[in-house]
There are 2 protein chains.
Amino acid sequence: MLKFKIPEVAIERFPIYLRSIDNLPDNFILSSNKIAKLAGTTANQLRKDLSYLGWLGIRGKGYKIGKLKKEIARILNIDKKWKVAIVGVGKLGSALLAYPGLKKGKFQVELAFDNDPLKIGKTIEKVTIQNVEKIPELLPLHRVKIGIITTPSEVAQDVADKLIKGKVRGILNFAPVQLAAPKRIKIRNVDISILLETVSFFITQKSLF
Amino acid sequence: MLKFKIPEVAIERFPIYLRSIDNLPDNFILSSNKIAKLAGTTANQLRKDLSYLGWLGIRGKGYKIGKLKKEIARILNIDKKWKVAIVGVGKLGSALLAYPGLKKGKFQVELAFDNDPLKIGKTIEKVTIQNVEKIPELLPLHRVKIGIITTPSEVAQDVADKLIKGKVRGILNFAPVQLAAPKRIKIRNVDISILLETVSFFITQKSLF
DNA sequence: TAGATTGTTAATCGATTAACAATC
DNA sequence: TAGATTGTTAATCGATTAACAATC
């Protein structure tokens, strides 16, 4: 457990660092400058961020890739596997079920839910679709701590409530609504329209940004 | 055109404000406090953000919903429609093609591309899939200024280069790679693994965050 | 007018950048 | 040792929060 608070923004950069060095050999030693280039940031920021994890580098040389991978994975708690549940097996939900980053990564889709009787019972990507009503019951049984919501907006809050009853600790929400939930639940929203809207702003304010 | 710089973080909140009031009647007048609650922020922050857009409220009363919608839409440049191109019509790409937020919203999928001969020529959601090689040629012809990348990582950079040749101004990238591009191109990354990794961190550091 | 709420200023907080002593 | 690069401190920058005069 950490004794001090790592800035949220730094936490969000760690996965990018990890991804940037992921296919480099463990015995490579790279300077902060080189790694920063790969990750699309600056050497100063990289060193600052890494300093939150302790002494990772070798003065005069750089950072050993193997050690870096291990330490970042450790702080992100992805040295072990996480089981996740997907709720809403429409087009987006099915796409996520088959998504390589989820399929073979540190996050494994253990359960899938839908409210459509035609879908319940079917098996996609080795996961059998269950009735949404079973969420509160099945999640603790399978030790699932993260839920992914890919339902229409109208039912997203109801699904979130069920997930919370099922004792999830985090939710990745693709429905374009603001979910209400206790503070202890970590919610990440992915709203494609919102992303496009900010793009829209920036590409027309050319002279100022 | 703006005379001063609106903070990036504020820009990213405007779409959320818009979404929060979207289904309220135009003639309603709500206080910053009420709107902030809907959007999941504070009255202070909302007023500060809105102040960048000018005098929008009525002292002693609140903000007229209709005016707010119009002004936020104007600043985000979504009072007009944007045409977008999707590259990579796999599971995720197809899901986005059918995504309601894109289908009937301010962003219309005008073009779709793939490199798979079996897919080229087929029509999904009224959009005919074209050969990726045609990106630089077709984009300017259709006045498409935003590209969405839903290809495997290996070809994402190549696709980005083609989009840039086709004169896009912004890219929404779902491939888990850091894209290289000139500064004038606005890139937004959506990496599902990265999002889950930050969730993973936060739900284990319970006592500090 | 009295009450309410805005728009804005000032104070606080936090993150980024620059710089450099420590040290491999 | 000389050169290089870390880890960290201090300076800068920017965003959030608090507070309140202006005003509907």
Side-chain angles (χ1 to χ4, degrees), chain A residues 2-14 16-17 21 24 27-69 71-72 75 183 198 201-202 205 208-209, chain B residues 2-14 16-17 21 24 27-69 71-72 75 183 198 201-202 205 208-209:
Chain A
L2 296 168
K3 287 162 297 295
F4 60 95
K5 204 176 183 294
I6 301 179
E8 287 224 18
V9 278
I11 302 296
E12 279 157 27
R13 282 189 295 260
F14 284 133
I16 298 174
Y17 299 152
I21 60 169
L24 297 177
N27 61 330
F28 267 35
I29 296 176
L30 259 62
S31 70
S32 56
N33 195 23
K34 295 233 176 65
I35 301 174
K37 283 238 171 72
L38 291 173
T41 181
T42 64
N44 272 332
Q45 181 152 80
L46 178 85
R47 288 208 307 281
K48 183 83 182 173
D49 286 348
L50 293 182
S51 76
Y52 298 123
L53 309 186
W55 284 41
L56 263 62
I58 309 156
R59 284 172 136 102
K61 297 236 168 192
Y63 296 85
K64 191 145 178 229
I65 295 302
K67 182 165 190 186
L68 220 46
K69 285 182 192 170
E71 288 300 313
I72 297 177
I75 198 72
K183 273 222 185 84
T198 63
F201 172 84
F202 285 110
Q205 300 299 323
L208 276 161
F209 286 86
Chain B
L2 296 168
K3 285 163 297 295
F4 60 96
K5 205 177 184 293
I6 300 179
E8 287 224 19
V9 277
I11 302 296
E12 280 156 27
R13 283 189 295 261
F14 285 132
I16 298 174
Y17 299 151
I21 60 169
L24 297 177
N27 62 330
F28 268 34
I29 296 177
L30 261 62
S31 70
S32 55
N33 196 22
K34 295 234 177 65
I35 300 173
K37 282 237 173 71
L38 293 173
T41 181
T42 64
N44 272 332
Q45 181 152 81
L46 179 85
R47 287 208 307 282
K48 183 83 183 171
D49 285 348
L50 292 182
S51 76
Y52 297 124
L53 310 186
W55 284 40
L56 263 61
I58 309 157
R59 283 171 135 103
K61 299 237 167 188
Y63 297 84
K64 189 143 182 233
I65 295 302
K67 182 166 190 184
L68 220 47
K69 285 182 192 170
E71 289 300 313
I72 297 176
I75 197 72
K183 274 221 187 84
T198 64
F201 172 85
F202 286 109
Q205 300 297 324
L208 275 160
F209 285 88

**Student:** Test side-chain contact (heavy atoms from CB on, under 4.5 Å) on I35(B) and Y17(B); report intermediate values, then the result.
**Tutor:** CA-CA 8 Å; I35(B) 300 173; Y17(B) 299 151; 5.5 Å; no
**Student:** Can you give the dot-bracket line for DNA chain D, using ( ) for pairs inside the strand, [ ] for pairs that cross earlier ones, | for pairs with another strand and . for unpaired bases, where Watson-Crick and G-U count if both distances are under 3.5 Å?
**Tutor:** ..||||||||||||||||||||||
**Student:** Could you walk me through whether L50(A) and L68(A) pass the side-chain contact (heavy atoms from CB on, under 4.5 Å) test, one step at a time?
**Tutor:** CA-CA 9 Å; L50(A) 293 182; L68(A) 220 46; 3.9 Å; yes
**Student:** For the pair I75(A) and I6(A), evaluate side-chain contact (heavy atoms from CB on, under 4.5 Å) and give the outcome as yes or no after the intermediate values.
**Tutor:** CA-CA 10 Å; I75(A) 198 72; I6(A) 301 179; 4.1 Å; yes
**Student:** Going 5' to 3' along DNA chain D, which nucleotides are the first and last within contact of chain A (any atom under 4.0 Å from a heavy atom)?
**Tutor:** dA4(D) to dT9(D)
**Student:** When the nearest nucleotide of DNA chain C is assigned to K48(A) and to K48(B) on a heavy-atom basis, which residue is associated with the more 5' position?
**Tutor:** K48(B)
**Student:** Nearest 0.5 Å, please: how far is CG in L46(B) from NZ in K34(B)?
**Tutor:** 13.0 Å
**Student:** Would you compute the distance between atom CG of L38(A) and atom CG of N33(A) and round it to the nearest 0.5 angstrom?
**Tutor:** 10.0 Å
**Student:** Starting from the 5' end of DNA chain D, give me the residue, K61(B) or R13(B), whose nearest nucleotide shows up first.
**Tutor:** R13(B)
**Student:** In Å and rounded to the nearest 0.5 Å, what is the OG1 to CG distance from T42(B) to D49(B)?
**Tutor:** 8.5 Å
**Student:** Please classify the nucleic acid contact of L50(A) as base, sugar-phosphate, or nothing, using heavy-atom distances under 4.0 Å.
**Tutor:** nothing
**Student:** How many angstroms lie between atom NZ of K37(A) and atom CG of L30(A), to the nearest 0.5 angstrom?
**Tutor:** 11.0 Å
**Student:** Output yes when a side-chain donor or acceptor of K69(A) lies under 3.5 Å from a complementary backbone atom of L24(A), and no otherwise.
**Tutor:** yes
